[in-house]
Amino acid sequence: MLNRFRFDLIKKNDSLLLAISGGIDSMVLLDIIVKLKERLNLIVAIAHVDHQKRESSKDDCDFVIDAAKNLNLPFFVKNLESRGEENFHNYAHKQRYEFFYQIAKENNINKIVLAHNANDNAETVLMRLSRGSSYEGYRGILAKTKYKDIEIIRPLITVPRSEIAVYQQVNLVAYQNDPTNELDDYTRNRYRHHILPLLMEENPRFLDKIQQFSLYQSQSYELIDSLSSQFLVNNQMAKNELKISELLKVLPIIQIEVIKKTINLVTNDSVEVSWNNLNDILEMISNPKPHLKFILENKLYISKSYDKLLFQTAEIELENYSYLIDDFKEISLPNNYLLSVAKNANKNYGFIGKLCYNNLDLLFPLTVRNRANGDKVITDAGTKKLKDILIDKKVPIHDRDTLPVVLNKDGEIIFVPGIFTKKTSGKNELYIAIKRG
C-alpha cells in the first residue's frame with residue numbers, strides 16, 4: 001500500500017493538521033504520518049469534528065482524544081451544533097473546513113491533511129456524473145487543493161480502500177466503526193455498496209481508470225483555467241462587465257469558464273450556476289436581440305445591452321440627480337462618475353469637452369444631471385433627440401440612463417461625454433471632463 005501513498009505531498013519540516021474522524025481511513029493516515037514524523041521532522045496536530053448526529057459520535061470523539069494523548073500530540077475538537085439547516089452536509093462541510101483553517105492559522109500550520117482515498121474519489125466522480133457538474137467538478141477529489149491560503153493535501157487519494165484495510169490489519173491500527181456507513185440512507189453509501197462494486201466486477205482496475213479520468217480532467221481544466229484567466233486579463237472591461245464580441249471569439253468551453261469566473265468574482269462565490277443556467281447565458285449572448293436579461297433566484301442579474309454583458313447581485317434602481325455648478329471645481333456624481341470643470345484640460349479624465357467663451361456668465365451656472373425624457377441637442381444639422389443619438393451609437397441602456405448630461409444656464413445641452421460637445425466661440429477656454437470614479 002505504501003507504494004500508492006502520496007509521500008511527495010509531505011515535505012521535511014512540514015507542520016501538519018490531521019483531520020481525524022476515528023474511522024479506518026483517518027486512523028491509518030495517522031499511523032503512517034506518525035511513523036514519518038521523526039524522519040521528516042514533522043510537527044503534527046490532530047483535529048476532530050463531532051457532528052453529534054448519532055449517539056455513538058461521542059465515543060468516536062473520546063477515541064480520537066485518547067489516541068492523541070497516547071501519541072503525545074496536540075488536539076483540537078469542535079462540537080458541531082445543528083440549527084435545522086436544509087442541507088446539513090453542505091453546512092457541516094463549511095464548518096469543518098473553517099474550523100481546520102482557524103486552527104492552522106492560529107498554530108502556524110502550513111498543511112491540512114485529509115484521509116480521502118481512491119474509493120472516495122471514484123464515488124465522487126460517479127455521483128457528479130450522475131447528477132451533473134462542471135468541467136472543474138468532474139476532476140473529482142484532488143490530491144492537493146487550497147482553502148483560502150492554506151494548502152490541503154490528501155496522501156491516501158490514490159490508495160484503494162481494500163489496501164487501507166490490509167494495512168490496518170497488518171499494523172494492528174485501532175479504529176472506530178461508524179454504523180451509518182452500512183446504511184443506504186445516504187447517496188454516497190448507495191454508490192459505495194452497489195454501484196462501485198458492480199463496476200469493479202466489470203473491471204477490477206476501475207479505480208485506476210477513475211484516477212486516469214481525474215488526471216485527464218485536471219490537466220484539461222488547467223488549460224481551460226489558464227486561457228479563461230488570460231482572457232479576463234486582456235478583455236475584462238470592469239470587474240462586472242464583459243465585451244460580448246470578444247467573448248464570442250473564444251471556444252464555448254472558455255466562454256463558460258469566463259462567465260463562471262466573473263459570476264464568482266461578483267458574487268464572492270455565493271451563487272451556484274447550473275449547466276442549464278450557463279447554456280441560457282450563452283444563448284443570450286448569441287441572440288441577435290440587443291437587450292436581454294437573465295435573472296437567477298433574485299441573487300444574480302445579468303443584462304445584455306449591445307456589446308456589453310453586465311453582472312450584478314441586485315437590480316440597480318436609477319438614481320436621478322441634478323447639480324448646479326457655479327465655479328471651476330471637481331465633484332462626485334452618482335453611478336460612480338467624477339466630473340471636473342477647469343480652465344485647463346485634465347488628461348487623467350476619459351472624456352473631455354472644450355468650450356470657448358467670452359463671458360463666463362453666459363455659461364454659469366452649469367447643470368449636470370442624468371438624461372431626461374425629451375432631451376434634445378442642437379447640432380449643425382439641426383435638432384435631434386439625445387435618446388436617438390445614444391441608440392445610434394449603441395450605448396447600453398444602463399449607460400444611457402446614468403450618463404451625465406451638462407447644460408448651460410439657459411438649459412441647453414452643451415456636453416455629453418463621448419457623445420456630444422457643443423461648438424462655441426470665444427477667446428477663453430473651459431474644459432468639462434468626466435470619468436468613472
Side-chain angles (χ1 to χ4, degrees), residues 1-10 18-33 89-90 92-93 96 112-145 152-171 173 175-225 253 274-275:
M1 185 202 83
L2 295 181
N3 290 332
R4 294 175 181 256
F5 188 87
R6 292 291 303 271
F7 290 99
D8 59 302
L9 297 174
I10 301 170
L18 276 59
I20 303 299
S21 67
I24 183 172
D25 300 336
S26 65
M27 293 307 294
V28 165
L29 174 67
L30 174 60
D31 189 77
I32 296 171
I33 297 295
H89 175 78
N90 286 345
H93 176 83
R96 281 197 306 273
I112 298 167
V113 191
L114 305 182
H116 295 109
N117 60 49
N119 291 62
D120 293 324
N121 184 44
E123 292 156 8
T124 297
V125 170
L126 290 171
M127 287 191 293
R128 289 178 180 173
L129 286 170
S130 177
R131 70 170 184 250
S133 185
S134 63
Y135 208 106
E136 181 181 8
Y138 289 131
R139 297 178 300 169
I141 304 173
L142 303 184
K144 183 168 64 174
T145 54
I152 296 176
I153 61 172
R154 300 174 176 88
L156 289 172
I157 197 63
T158 53
V159 181
R161 188 171 286 123
S162 59
E163 295 185 12
I164 291 174
V166 170
Y167 182 97
Q168 180 271 327
Q169 293 167 8
V170 170
N171 293 274
V173 177
Y175 70 95
Q176 290 287 98
N177 185 43
D178 181 353
T180 62
N181 286 336
E182 306 305 318
L183 303 176
D184 278 349
D185 296 354
Y186 300 99
T187 302
R188 182 176 291 275
N189 285 358
R190 294 193 293 275
Y191 278 79
R192 179 174 299 170
H193 298 156
H194 307 292
I195 298 174
L196 189 55
L198 178 64
L199 293 168
M200 292 181 69
E201 186 177 327
E202 289 291 321
N203 183 356
R205 296 190 60 197
F206 180 74
L207 293 182
D208 293 335
K209 299 306 177 185
I210 285 290
Q211 288 292 336
Q212 181 182 344
F213 176 80
S214 295
L215 179 61
Y216 283 155
Q217 290 293 115
S218 295
Q219 292 173 341
S220 300
Y221 181 72
E222 285 176 9
L223 176 61
I224 293 168
D225 182 52
I253 190 66
S274 71
W275 172 251

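The basis for the numbers below is simple: all heavy atoms, side chains too, and nothing from hydrogens, waters or symmetry mates.
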> With distance as the sole test, does Ser130 use its side chain to make a donor-acceptor pair with the main-chain N or O of Leu126 at under 3.5 Å?
Replying inline: no
>> Checking the side chain of Asn171 only, and the main-chain atoms of Ile32 only, is there a donor and an acceptor separated by less than 3.5 Å?
In response: no
> Would a 4.5 Å heavy-atom cut-off, applied to side chains only, mark Met27 and Gln168 as touching?
Replying inline: no
>> When you compare the side chain of Arg190 with that of Ile195, does any pair of heavy atoms fall below 4.5 Å?
In response: no
> When rounded to the nearest 0.5 angstrom, what distance separates CD1 in Ile33 from OG in Ser26?
Replying inline: 12.0 Å
> Closest approach of Val125 and Gly140, non-hydrogen atoms and distance?
Replying inline: CG2-CA, 3.8 Å
> Does atom OH of Tyr216 have more than 12 heavy-atom neighbours from other groups under 6.0 Å away?
Replying inline: no
>> Rounded to the nearest 0.5 Å, what separates atom OG1 in Thr187 from atom CD in Glu123?
In response: 11.5 Å
> Side chains of Arg154 and Thr145: does their closest heavy-atom pair fall under 4.5 Å?
Replying inline: yes
> Looking only at heavy atoms, which two atoms of Ala165 and Ile24 are closest? And how far apart?
Replying inline: CA-CD1, 4.0 Å
> For the atom pair OG (Ser214) and NZ (Lys209), what is the distance rounded to the nearest 0.5 Å?
Replying inline: 13.0 Å
>> As a quick check of understanding, evaluate side-chain contact (heavy atoms from CB on, under 4.5 Å) for Asn121 and His116, giving each step before the final call.
In response: CA-CA 7 Å; Asn121 184 44; His116 295 109; over 6 Å; no
> Which atom names give the shortest non-hydrogen contact between Ala122 and Leu196, and what distance separates them?
Replying inline: CB-CD1, 4.0 Å
> What closest approach, in Å, do Tyr138 and Arg128 show between heavy atoms, and which atom pair accounts for it?
Replying inline: CE2-O, 3.5 Å
> Rounded to the nearest 0.5 Å, what separation is found between the CD atom of Gln212 and the CZ atom of Phe206?
Replying inline: 11.5 Å
>> Under a 4.0 Å threshold between the charged nitrogen and the carboxylate oxygen, would Arg4 count as salt-bridged to Asp208?
In response: yes
>> What's the separation between atom CD in Gln217 and atom CG in Leu142, rounded to the nearest 0.5 Å?
In response: 11.0 Å
>> Looking at every heavy atom in both Ala118 and Leu207, which two are closest together, and how far apart are they?
In response: O-CD2, 3.9 Å
> Is the closest side-chain heavy-atom distance between Phe5 and Ile10 below 4.5 Å?
Replying inline: yes
>> Looking at every heavy atom in both Thr180 and Asn189, which two are closest together, and how far apart are they?
In response: O-ND2, 2.8 Å
> Heavy-atom distance under 4.5 Å between the side chains of Asn119 and Pro160, does that happen here?
Replying inline: yes
> Does Asp225 reach the main-chain N or O of Tyr221 with its side chain, forming a donor-acceptor pair under 3.5 Å?
Replying inline: no
> Are Val28 and Tyr175 close enough that some pair of their side-chain heavy atoms sits under 4.5 Å apart?
Replying inline: no
> Donor-acceptor pair, His193 side chain versus Asn181 backbone, under 3.5 Å?
Replying inline: yes
> Within a strict 4.5 Å, meaning less than it, do heavy atoms of the Val159 and Arg6 side chains meet?
Replying inline: no
>> With a 4.5 Å cut-off on side-chain heavy atoms, are Arg192 and Asp120 touching?
In response: yes
> Going from CG on Leu18 to CD1 on Ile153, what distance comes out if it is rounded to the nearest 0.5 angstrom?
Replying inline: 8.0 Å
